[in-house]
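The structure displayed is predicted, hence computed values, not measured ones. Just so we're on the same page: letters track the sequence lines, and every chain starts at 1.
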Amino acid sequence: MRSFLNGPSFSVPGGSMEEDKPLRERYSSEITPEDFGTKLAVAGWLQDVRNLGGIAFLQLRDRGGVLQVTAIKKEMGPEGFRELVELPRESVITVTGTVQENNQAKAGFEVLPSSWELLSRAEVPLPLGVVDKVGADLDTRLDNRFLDIRKPEVAAIFRLRSILTEGLRRSLVDQGFVEVATPKIVSAGAEGGATLFKLDYFGKPAYLAQSPQLYKQHLMATGLDRVFEVAPAFRAEPSDTSRHLAEFTSLDVEQAYVRTSEDVMVTVERMTVDGIRYMIEGGQELLDQLIVRLDVPPQPFRRIPYDECIDMLRGDGADVPEDAEMGTEHEKALGQLVHQRWGEDFYFITDFPTRYKVGTFYAHRHEDRPELTGYFDLGVRGLEIASGGKREHRLDVVTAQMEEGGLRPADFEFYLKAFRYGMPPHGGFGYGLERLLQVLLGLSNIRETVLYPRDRQRLVP
RNA sequence: GCCCCGGUAGUGUAGCGGCCUAUCAUCCAGGCCUGUCGAGCCUGGGACCCGGAUUCAAAUUCCGGCCGGGGCGCCA
């Protein structure tokens with residue numbers, strides 16, 4: 001099969017006689033025995049040179065892997081040989097040469113160069129070695145992210161992220177959801193202003209959206225009925241942990257005509273399972289590369305009411321105070337308990353007590369037990385991935401709950417207006433894409449899942 | 001915002017009052033080698049975050065700042 005990259009080559013202004021030659025005719029991974037004996041152009045980063053004197057082995061890395069270019073001094077002449085093997089590591093070159101079968105080369109073949117061209121010389125020393133035999137701190141890696149991502153095992157994370165996102169998206173589309181885009185520059189936050197980034201909007205105060213909450217509910221009054229969005233959310237929380245970001249990707253879903261939160265959980269469950277299955281099927285090699293073994297989680301996910309979670313923890317000897325919400329330590333312990341008891345990693349914590357959801361004015365409370373909401377969290381091995389539930393669609397009740405939470409309904413007029421002229425019962429959830437990827441790949445820091453993470457200190461790159 | 005720990009060559013580290021002209025690896029430079037693939041061997045190069053204080057003496061102790069790591073709170 002020919003590479004999709006085969007096509008007219010670009011001519012470089014002021015280029016040489018070779019300007020009509022393609023820079024690359026094959027990725028390293030595309031070369032097959034059919035190519036043996038033919039002359040081809042390959043290109044990439046020169047990741048290492050093993051110069052033995054009369055012969056030198058050059059490791060050329062491209063997106064598909066690494067191939068070996070074998071330079072022989074007697075055939076190239078001492079000057080040409082010297083020029084090629086003394087190039088700094090990570091320089092970009094194109095090499096045209098004969099592909100030759102050779103079992104002594106790792107890939108089973110090598111390229112004997114007949115001509116080559118330096119496309120970009122790398123400076124020395126590298127601020128971060130790509131194939132060095134020593135590690136580097138995450139901070140150093142992030143400062144030099146473009147080099148970091150040259151490492152196949154780092155690139156694998158972002159390829160898997162792409163596949164996972166596509167899988168989640170496909171599942172939602174299959175379930176009849178419409179992808180939407182809501183504004184990220186907003187006049188009010190979903191739950192007060194403490195965690196909002198403030199900015200100047202043509203002289204008016206505005207904020208970066210911490211959540212599309214108000215807008216996706218707004219859309220429930222439009223007849224689109226089922227919407228979702230994959231977009232950045234901004235939180236000015238001064239959080240310094242391995243699972244928080246100031247800018248993260250929120251997968252938000254909202255659906256109309258739900259009876260209970262159970263209807264929403266079904267959507268979460270299906271989307272999660274579909275997304276993971278898609279990633280496993282499409283990304284098996286990448287997962288192997290990261291030494292990650294993943295199975296599609298069994299359905300249904302266990303539903304455990306909040307109060308039962310507390311009982312489980314106490315039964316296990318944990319000290320959970322009567323009037324305090326579960327902390328991180330308890331969430332982690334719960335994840336372990338669920339795993340020990342049932343061998344399951346995905347579970348819903350359901351029916352959150354109303355007293356912990358006072359700020360969540362849009363949460364629907366059980367008619368018969370107003371001290372409980374229908375709200376749930378999706379927990380995965382102790383990490384909170386998503387939360388949501390049935391919303392309150394009655395104007396008078398939403399307004400009352402808003403006031404109860406210390407918010408002024410007048411500040412949310414655009415939102416409340418949509419409740420006045422026919423608002424169906426609805427529900428939805430917010431889902432942390434990076435959190436899911438983090439727990440699936442077993443990454444110790446959420447920053448690993450973001451190309452250019454934003455946290456309390458980091459604004460560059 | 002709170003608590004704990006840290007900042008030593010490009011990278012990752014050892015050293016934690018005088019044995020420091022600062023360890024090791026990687027890296028870089030030069031040399032040898034026609035089958036390397038964690039290449040090998042020889043020679044050389046490169047660093048104590050910033051400011052102040054204590055002391056005969058500070059990489060090492062103290063104070064302040066900046067930066068980083070972990071945890072908590074909060075959350076996705």
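- For the C1' atoms, the distance from B:rG15 to B:rU61 is 16 Å, rounded to whole Å.
- Looking at which nucleotide of RNA chain B each of A:I446 and A:V124 is closest to, the 5′-most match is held by A:V124.
- Heavy-atom distances to RNA chain B give each of A:R82 and A:V131 a nearest nucleotide, and the one nearer the 5′ end belongs to A:V131.
- B:rC49 sits 12 Å from B:rG6 when the C1' atoms are compared, rounded to a whole Å.
- A:R381 contributes no side-chain N or O that, together with a main-chain N or O of A:G335, makes up a donor-acceptor pair within less than 3.5 Å.
- To the nearest angstrom, C1' of B:rC74 lies 14 Å from CG of A:L196.
- Residues A:R355 and A:E325 are not paired through a salt bridge, judged by the lack of any N-O separation under 4.0 Å between the basic side chain and the carboxylate.
- Salt bridge status for A:E404 with A:R365: present, with a side-chain N to carboxylate O gap under 4.0 Å.
- Of the nucleotides present, B:rU61 is the one that pairs with B:rA53 by Watson-Crick or G-U wobble criteria, both distances under 3.5 Å.
- With A:F352 as the aromatic partner, A:K357 meets the cation-pi criteria of under 6.0 angstrom to the ring centre and within 45 degrees of the ring axis.
- Taking only distance into account, the side chain of A:R243 never meets the base of B:rA76 through a donor-acceptor pair shorter than 3.5 Å.
- Counting to the nearest Å, the P atom of B:rG71 and the CG atom of A:L383 are 12 Å from each other.
- A:D148 comes within contact range of no nucleotide atom at all, as no heavy-atom separation falls under 4.0 Å.
- Relative orientation of the A:Y375 and A:Y362 rings is tilted, given thresholds of 30° and 60° on the angle between their planes.
- Here the P atom of nucleotide B:rC28 and the CG atom of A:L87 are 13 Å apart, to the nearest Å.
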Practice task
Heavy atoms under 4.0 Å is the rule here; annotate nucleotides 5-13 of chain B 5' to 3' with B where the base is hit, S where only the sugar-phosphate is, and - elsewhere.
Solution key: -----BBSS
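- As judged by a 4.0 angstrom heavy-atom cut-off over every strand, A:Q47 is placed among residues making no nucleic acid contact.
- Stacking annotation: A:F57 is not stacked on the base of B:rG35 (requires ring centroids less than 5.5 angstrom apart and an interplanar angle below 30 degrees).
- Between B:rG30 and B:rC20, the distance separating the two P atoms is 32 Å to the nearest Å.
- One interatomic measurement links the two molecules: CE of A:M326 to C1' of B:rG73, which rounds to 16 Å at whole-angstrom precision.
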Problem - Working for salt bridge (charged side-chain N to carboxylate O under 4.0 Å, His left out), residues A:E448 and A:R141 - result: CA-CA 10 Å; A:E448 295 273 8; A:R141 292 171 45 210; 2.9 Å; yes
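- Pairing partner, B:rA9: none, since no Watson-Crick or wobble contact has both distances short of 3.5 Å.
- Side-chain contact, A:E153 with A:Q289: no donor N or O sits under 3.5 Å from an acceptor N or O.
- As rounded to whole Å, 17 Å separates atom P of B:rC37 from atom CG of A:N103.
- Among the atoms of the strands shown, none is found under 4.0 Å from any heavy atom of A:R458.
- Atom CD of A:Q438 and atom C1' of B:rC75 are 13 Å apart (whole Å).
- When rounded to the nearest whole Å, the span between CG of A:L112 and C1' of B:rG35 equals 12 Å.
- If you check every strand for non-hydrogen atoms under 4.0 Å, A:E331 touches a base.
- The existence of a salt bridge linking A:K151 and A:D132 is excluded, since no basic side-chain nitrogen approaches an acidic carboxylate oxygen closer than 4.0 Å.
- A:Y431 comes within 4.0 angstrom of no nucleic acid atom, judged by non-hydrogen atoms across all strands.
- For A:E30 and A:R26, the salt-bridge test fails: no basic side-chain N is under 4.0 Å from an acidic carboxylate O.
- For A:K73 and B:rU36, the NZ to P distance is 18 Å, given to the nearest whole Å.
- The partner of B:rA29 is B:rU43, judged by Watson-Crick or G-U wobble contacts that both fall below 3.5 Å.
- A:G53 comes within contact range of at least one nucleobase, with a heavy-atom separation under 4.0 Å.
- Residues A:V42 and A:I31 are in side-chain contact: their nearest non-hydrogen atoms beyond the backbone lie under 4.5 Å apart.
- An OP1 or OP2 oxygen of B:rA76 is reached within less than 4.0 angstrom by no side-chain nitrogen or oxygen of A:S250.
- Remark: the A:Q104 side chain and the B:rU36 base include no donor-acceptor N/O pair separated by less than 3.5 Å.
- In this entry B:rU36 has no Watson-Crick or G-U wobble partner, no candidate having both defining distances under 3.5 Å.
- For the pair A:T70 and B:rG35, the criterion of a side-chain N or O lying under 4.0 Å from OP1 or OP2 is not met.
- Between A:R159 and A:E285, no side-chain nitrogen of the basic residue sits less than 4.0 Å from a carboxylate oxygen of the acidic one, so the salt-bridge criterion is not met.
- A distance-only check finds no donor-acceptor pair linking the side chain of A:R121 to the backbone of A:P88 [under 3.5 Å].
- The partner of B:rC19 is absent, by the rule that a Watson-Crick or G-U pair needs both atom distances under 3.5 Å.
- The same atom, C1', is picked in B:rU21 and in B:rC5; the two are 32 Å apart, to the nearest Å.
- No engagement by A:A233 is indicated, since no non-hydrogen atom pair under 4.0 Å with the nucleic acid exists.
- When heavy atoms are screened at a 4.0 angstrom cut-off, A:T241 is found touching base atoms of the nucleic acid.
- Comparing the same atom, P, in B:rC72 and in B:rU60 gives a spacing of 32 Å after rounding to whole Å.
- Nucleotides B:rC16 and B:rA59 have their P atoms positioned 14 Å apart, rounded to a whole Å.
- Between A:S242 and B:rG71 there is a side-chain polar atom (N or O) within less than 4.0 angstrom of OP1 or OP2.
- Comparing the P positions of B:rG70 and B:rU34 gives a spacing of 48 Å, expressed to the nearest Å.
- For B:rC28, the base has no donor-acceptor partner in the side chain of A:R89 [N/O atoms by modelled type, under 3.5 angstrom].
- Using modelled atom types, one side-chain atom of A:T449 and one backbone atom of A:I446 make a donor-acceptor pair closer than 3.5 Å.
- A gap of 8 Å separates the C1' atoms of B:rU8 and B:rA22, to the nearest Å.
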Completion exercise
Readout for nucleotides 38-49 of chain B: B = base within 4.0 Å of protein heavy atom, S = sugar-phosphate only, - = neither; 5' to 3' it is SB----------
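- Counting only heavy atoms from C-beta on, A:Q457 has its side chain closest to B:rC67 among B:rC75, B:rC67, B:rG35.
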